[in-house]
Amino acid sequence: METRVAVISIIVAKEEAVERLNAILHDYAKYIIGRMGLPYRAKGVNIICVAVDAPNDAISALSGKLGSLDGVSVKTAYSNVFSSEG
């Protein structure tokens, strides 16, 4: 199966969304390369960056589920790097 490297940028404006967001990320843990979170207390938001190596369908599904959460904004940047999972 072909996979692709991508970065998912997440801004969480509602703290109530954090538990569900973490549950969704846990469901996709096998694809996550790394994750960095920054609380921006001055603006009352949390900024999360998740690097993934996954099939296009999994990246789209993950981004879509995260973006459907109330108070969560998501943008995904795809690399041109593809690889075959074996």
Reported CG-to-OG1 distance for the pair Asp57 and Thr3, which is rounded to 0.5 angstrom: 12.5 Å

Residue list, salt bridge (Lys or Arg N to Asp or Glu O under 4.0 Å) with Lys14, at least two apart or on another chain: Asp70

Heavy-atom donor-acceptor pair, Ser63 side chain to Ser60 backbone, under 3.5 Å: no

Nearest-0.5 Å distance, CD1 of residue Ile32 to NE2 of residue His26: 10.0 Å

Check: Asn80 and Arg4 side chains under 4.5 Å, non-hydrogen atoms: yes

Stepwise side-chain contact (heavy atoms from CB on, under 4.5 Å) check, Leu66 with Leu25: CA-CA 8 Å; Leu66 294 171; Leu25 290 176; 4.1 Å; yes

Rounded distance [0.5 Å steps], CE in Met36 versus CD1 in Ile48: 10.5 Å

Spacing of Tyr40 atom OH and Asn46 atom CG [to the nearest 0.5 Å]: 12.5 Å

Shared hydrophobic cluster, Ile8 / Leu69 (ILVMFWY, side-chain heavy atoms < 4.5 Å): yes

Hydrophobic cluster membership, Ile24 vs Ile47, 4.5 Å side-chain cutoff: no

Donor-acceptor contact present, side-chain Ser79 to main-chain Val5, <3.5 Å: yes

Single-linkage hydrophobic cluster Leu21~Tyr31, side-chain heavy atoms < 4.5 angstrom: yes

ILVMFWY network linking Val74 to Tyr28, side-chain heavy atoms under 4.5 angstrom: yes

Separation between OG of Ser83 and CD of Glu2, rounded to the nearest 0.5 Å: 7.5 Å

Check against side-chain contact (heavy atoms from CB on, under 4.5 Å), Ile59 and Tyr78: CA-CA 9 Å; Ile59 297 170; Tyr78 293 87; 3.5 Å; yes

Qualifying salt bridge (charged side-chain N to carboxylate O under 4.0 Å, His left out) pairs with a residue from residues 19-41, counting only residues at least two apart or across chains: none

ILVMFWY cluster, Val18 and Val45 together (side-chain gap under 4.5 Å): no

